[in-house]
Amino acid sequence: MEDLMRSSSKRSLGVCLIFVFFFILASTNLIYGQSTIVHGIIRDSVTNKPVEYATVRFDGTNVGKLSDDDGKFSVSNSSGNGKLIISLMGYDTKTVNVPINQVSRLEIKLSASGVQLGEVVIRRTKEKYSKKDNPAVELIKKVIENKHNYLVTSRDYYMNDEYDRILFALNDYQSAKGLLKNMKFLSKYADTSLIDNKSILPFSVRETTSNLYYRKNPKATRRVITAYQNQGIDQEINTESIDAIVAEVFKEVDITDNTINLLLHDFVGPLSSTSSVNFYKWYIIDTVSIDQKRYVNLGFVPFNTRDVGFIGNIYVQPEAPYAIKKVSFRVPNRINVNYVDNMLVTQEFEEKSPDLWVPVRFTTAIDLSMYNMAKFYVQKERTFSNFIFDLPLEAAFSGSAPVIYLSDYKKQKDGYWNNNRPDALNKDYRMDEMMVEFRQNKVIDITLKVADILSSQYVPTSREEEKNKLDIGTPLTFYSYNHLEGNRIRLTASTTKFFHPHFYLYGYGAYGTKDGKWKYYGEATWAFNRKNYHKDEYPRHNLSIAYKYDVNPLGQRFLQAERDNILLSFKAKRYNNMTYDRMAEINYLHEYYNGFSYNLFGRTHDENAAGDLRFERRNEDDMLIEMGNIKTTEVGLNLRYAHDEKFFQQRRRRRSLPSKGVILTLSHTIGLKDVLNGQFNYHKSALAIDKEFWIAPYGRLGVTLKGEKVWGKVPFPILLSANANSSVTIQRGSFYMLKPLEFLNDSQFTWDVSYRMGGWLFNRIPLIKGLKWREVAGFRGFFGDLNKKNNPDYNRNLMIFPEDSRTMGKKPYMEYSVGIENIFQFFRVDYVRRLNYFDTPGIDKHGFRISFDVSF
């Protein structure tokens with residue numbers, strides 16, 4: 001989320017909505033029941049120094065809690081088991097008996113002991129480590145070299161059945177305090193965490209069954225969703241705006257990837273072909289027998305455990321094809337990832353033949369907490385079955401949609417799920433029963449409705465979804481302020497599919513208390529494809545007509561929010577070069593699943609100068625003459641290709657999620673004179689490239705390049721001006737020290753380079769590294785030119801430029817920014833400095849910009 005004004009941002013709204021979505025239940029984290037609780041510290045028996053990253057678990061469970069940077073740990077168990085197992089590579093495993101159903105405090109000392117295989121002894125990770133002549137390194141190199149040779153993706157075709165389940169729960173649920181202390185019935189819905197065996201209270205379960213089809217060349221996958229159901233709080237809140245975030249944040253891990261994207265971070269993959277042995281330390285732990293076959297247990301840990309990497313184990317064959325049998329890994333406690341207390345990822349594979357291994361079960365479990373108040377548990381399961389290989393499946397790839405939904409995929413009953421869940425996961429969490437009891441609490445019922453409004457930004461006009469034909473919104477645009485209108489009040493309305501499945505209406509009315517004018521916008525859309533709720537759902541195939549009368553702030557384009565967002569009312573400088581714009585438009589938009597889209601449009605504008613702006617020219621006697629309104633008629637075409645784009649959808653906007661794809665846009669607009677009162681003939685073209693480079697573990701580099709050109713003789717409102725940002729917020733794609741309309745060009749090239757290091761540097765600085773700050777930097781600029789025919793100094797028929805506007809010299813305008821994000825895990829501040837053109841009156845050479853960015 002790059003900026004303050006967004007109701008959601010690239011990553012920030014995603015995390016915010018997830019926590020708002022679940023916050024209603026957060027108070028139950030304080031409830032108590034009968035558990036065996038152990039707090040303690042683990043020390044080296046010789047040095048007495050704290051031992052970090054030791055696994056502490058109750059006997060009979062296969063997972064546990066890790067000791068922190070200071071060797072401290074806290075585990076609980078409600079099963080009556082009092083035997084504690086403490087283990088860490090390089091130390092002897094220790095067993096401790098603790099009193100059950102009591103709270104205990106222990107100091108545990110581990111004895112170091114080498115794990116010997118051949119002639120190499122691996123000891124404590126703080127001892128000297130060498131990659132040279134290390135059999136663990138040599139073995140993992142062979143595993144990496146062969147990692148694609150035996151997997152199902154090496155086959156020309158395959159198909160299989162898959163079952164997915166993602167569960168959200170309150171973590172460390174016990175039973176008698178907080179808002180839910182009188183809801184004793186909740187105890188019967190409790191379950192157990194995979195990570196540390198704590199009690200959890202599920203409140204949302206999503207299940208999917210599907211058929212997956214794969215083709216190697218040309219590479220393609222097609223998924224057919226055969227059934228889907230969501231139970232629990234999802235049914236009470238509009239989750240459309242967070243569905244994509246949940247899918248992206250908690251997406252499946254591919255252990256063979258060089259970089260593993262999880263929690264919107266890029267982790268260096270343990271099997272990275274480029275970085276594995278340089279980023280991770282590798283150890284041979286032991287040799288084990290699984291299914292009567294021998295595997296080597298390889299342990300790995302990052303050289304710097306504050307970097308974005310994993311610690312864990314991989315069980316591999318010691319000979320060709322060096323296949324992986326099982327993977328289990330976590331994140332280090334002090335890693336620079338927010339809100340994650342613990343995470344466990346396990347993956348199991350099965351041998352079908354010596355050169356063919358298939359996935360069996362993938363599990364991801366995550367403990368989340370927000371400022372140690374709201375504690376949540378997320379568990380994602382995927383199982384694979386019924387593989388069929390090498391049958392030509394071309395018919396499955398005939399359509400363009402990567403995901404196909406059967407017509408009745410949401411209509412399966414309980415019997416279907418009981419019969420189609422894998423045996424190991426065949427559990428009904430009875431969410432429907434729990435929610436019936438839960439809704440009887442009026443406070444909870446009201447809070448759920450408020451959360452629904454915050455997540456969707458609209459208020460339904462009917463309590464029953466199928467009767468709700470009109471939504472009213474939006475909270476963030478209800479009030480705003482600018483120097484022309486003063487206080488601005490706005491009310492928005494939008495119809496839903498229950499008004500008509502293809503015909504949609506949208507509009508708003510606004511009033512400025514200072515200028516005393518009403519503004520309005522109305523839009524009618526025909527959606528050619530059927531929608532689940534509203535017209536802008538992906539992929540769009542819409543024909544729209546619209547009419548608007550509103551304020552237009554020249555020189556400022558709002559790329560991440562609507563102009564009258566309340567958070568944009570905080571200005572760094574006064575700006576009043578605006579127009580009153582009367583616009584009529586017809587628009588045809590068609591999107592395709594492959595990321596390509598085109599947009600045909602025709603529009604008219606009738607603009608009247610407002611605020612400090614004047615539309616004037618000089619006559620032969622050098623006197624100023626009022627020129628009246630500017631009227632234009634335009635037709636145009638926009639082409640866009642976004643490879644592998646990730647986003648989440650809101651009613652009027654899409655918020656991009658971090659993606660490694662490239663976005664290309666090409667547009668051309670033609671101005672038509674004497675058509676519908678148009679006054680000017682001109683052409684305007686633009687080409688833009690937007691690309692993010694993920695450089696794990698060094699962060700992400702974003703690059704945007706844009707070239708623009710205007711042909712024809714036009715007044716300054718039609719010329720090109722770089723996008724200025726007069727607010728105190730951080731907005732990607734804008735210039736912070738530039739005055740709106742400061743430079744006017746008819747040809748222009750713009751660049752914007754941003755770097756988010758993700759804490760890589762701060763993680764290595766004593767005292768600072770514990771703060772988990774992250775470094776950000778940017779360098780942006782543009783250069784352009786203005787033909788004499790469009791310069792009023794040479795052409796008296798043109799209106800003069802605004803007082804502070806000018807032409808560019810031979811140097812590009814440039815500015816840079818350096819900043820710190822993740823301050824208190826949500827705050828970002830940038831120092832911005834202008835590098836040239838200091839002779840412009842009234843400019844600021846430097847300043848600070850801020851944003852609130854709640855992200856992992």
Side-chain angles (χ1 to χ4, degrees), residues 53-64 81 83-95 110-123 125 134-147 149-152 194-195 197 253 255-256 270-271 276 280-301 310-330 344-363 365 381 383-385 387 422-424:
Y53 311 128
T55 298
V56 183
R57 61 180 175 87
F58 285 94
D59 191 25
T61 67
N62 58 0
V63 293
N81 190 323
K83 184 177 290 186
L84 208 61
I85 309 295
I86 302 95
S87 59
L88 178 67
M89 65 179 76
Y91 284 92
D92 289 334
T93 298
K94 190 163 189 175
T95 301
L110 295 183
S111 300
S113 65
V115 179
Q116 186 169 338
L117 187 72
E119 299 180 354
V120 178
V121 176
I122 306 300
R123 290 190 177 273
T125 57
N134 184 338
V137 172
E138 297 305 315
L139 179 55
I140 197 61
K141 285 181 178 180
K142 293 177 181 177
V143 172
I144 293 171
E145 183 180 350
N146 291 274
K147 64 182 180 179
N149 295 342
Y150 56 86
L151 294 177
V152 291
L194 283 182
I195 293 178
N197 212 33
V253 169
I255 191 62
T256 66
L271 302 185
S276 177
Y280 291 104
K281 298 178 182 180
W282 287 93
Y283 302 90
I284 291 179
I285 305 303
D286 56 14
T287 301
V288 298
S289 178
I290 304 176
D291 297 334
Q292 299 181 342
K293 292 193 176 182
R294 189 171 67 97
Y295 299 92
V296 175
N297 176 7
L298 289 174
F300 58 94
V301 61
F310 303 110
I311 59 175
N313 303 79
I314 299 181
Y315 296 83
V316 301
Q317 287 182 321
E319 63 279 325
Y322 302 99
I324 297 171
K325 176 61 177 177
K326 183 179 178 180
V327 179
S328 177
F329 56 83
R330 303 171 182 266
L344 172 68
V345 177
T346 62
Q347 297 188 351
E348 299 174 30
F349 299 85
E350 180 182 63
E351 182 181 13
K352 291 292 185 181
S353 64
D355 62 344
L356 178 61
W357 288 67
V358 300
V360 177
R361 180 175 175 180
F362 291 177
T363 301
E381 300 271 6
T383 62
F384 308 80
S385 60
F387 281 88
D423 292 339

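One-based numbering along the sequence shown.
- Side chain of K147 to backbone of T256: a donor-acceptor contact under 3.5 angstrom is found.
- Atom-to-atom distance recorded for E381:CD and T346:OG1 is 7.0 Å, nearest 0.5 angstrom.
- Side chains of L84 and F58 form a contact here, defined as non-hydrogen atoms less than 4.5 Å apart.
- Exactly one residue among L271, V296, N297 makes a side-chain contact (heavy atoms from CB on, under 4.5 Å) with I314. That residue is L271.
- F329 places a side-chain heavy atom less than 4.5 Å from the side chain of I255.
- Between T93 atom OG1 and I86 atom CD1 the span is 9.0 Å, to the nearest 0.5 Å.
- Put simply, CD on E350 and CH2 on W357 are 9.0 Å apart, with the number rounded to the nearest 0.5 Å.
- A distance of 12.5 Å separates CD of E351 from CD1 of I290, quoted to the nearest 0.5 Å.
- The backbone N or O of A323 sits less than 3.5 Å from a side-chain atom of Q317, completing a donor-acceptor pair.
- Aromatic rings from Y280 and F300 are positioned such that their centres are separated by under 6.0 Å.
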Practice prompt. Could you walk me through whether S328 and V345 pass side-chain contact (heavy atoms from CB on, under 4.5 Å), step by step?
Written response: CA-CA 6 Å; S328 177; V345 177; over 6 Å; no
Discussion item. Evaluate K83 against R57 for side-chain contact (heavy atoms from CB on, under 4.5 Å), listing each step before the verdict.
Written reply: CA-CA 9 Å; K83 184 177 290 186; R57 61 180 175 87; over 6 Å; no
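- Here the OH atom belonging to Y315 is positioned 12.5 Å from the NZ atom belonging to K325, to the nearest 0.5 angstrom.
- Looking only at side-chain heavy atoms (C-beta outward), P359 and Q347 stay at 4.5 Å or farther from each other.
- Separation of atoms OG1 (T383) and CG (D423) is listed at 10.0 Å; rounding is to 0.5 Å.
- Judged as a ring pair (Phe, Tyr, Trp, His ring centres under 6.0 Å), and not counting sequence neighbours, the contacts of F349 are F362.
- Of the residues listed (V301, I140, L139), the one engaging W282 in a side-chain contact (heavy atoms from CB on, under 4.5 Å) is I140, and it is the only one.
- Listed here is the closest heavy atom pair of P321 and P354: CG-O, 3.3 Å.
- Put simply, the side chain of D291 never gets that close to the backbone of K293: no donor and acceptor are under 3.5 Å apart.
- Nearest heavy atoms, L298 versus I285: C-CG1, 4.4 Å.
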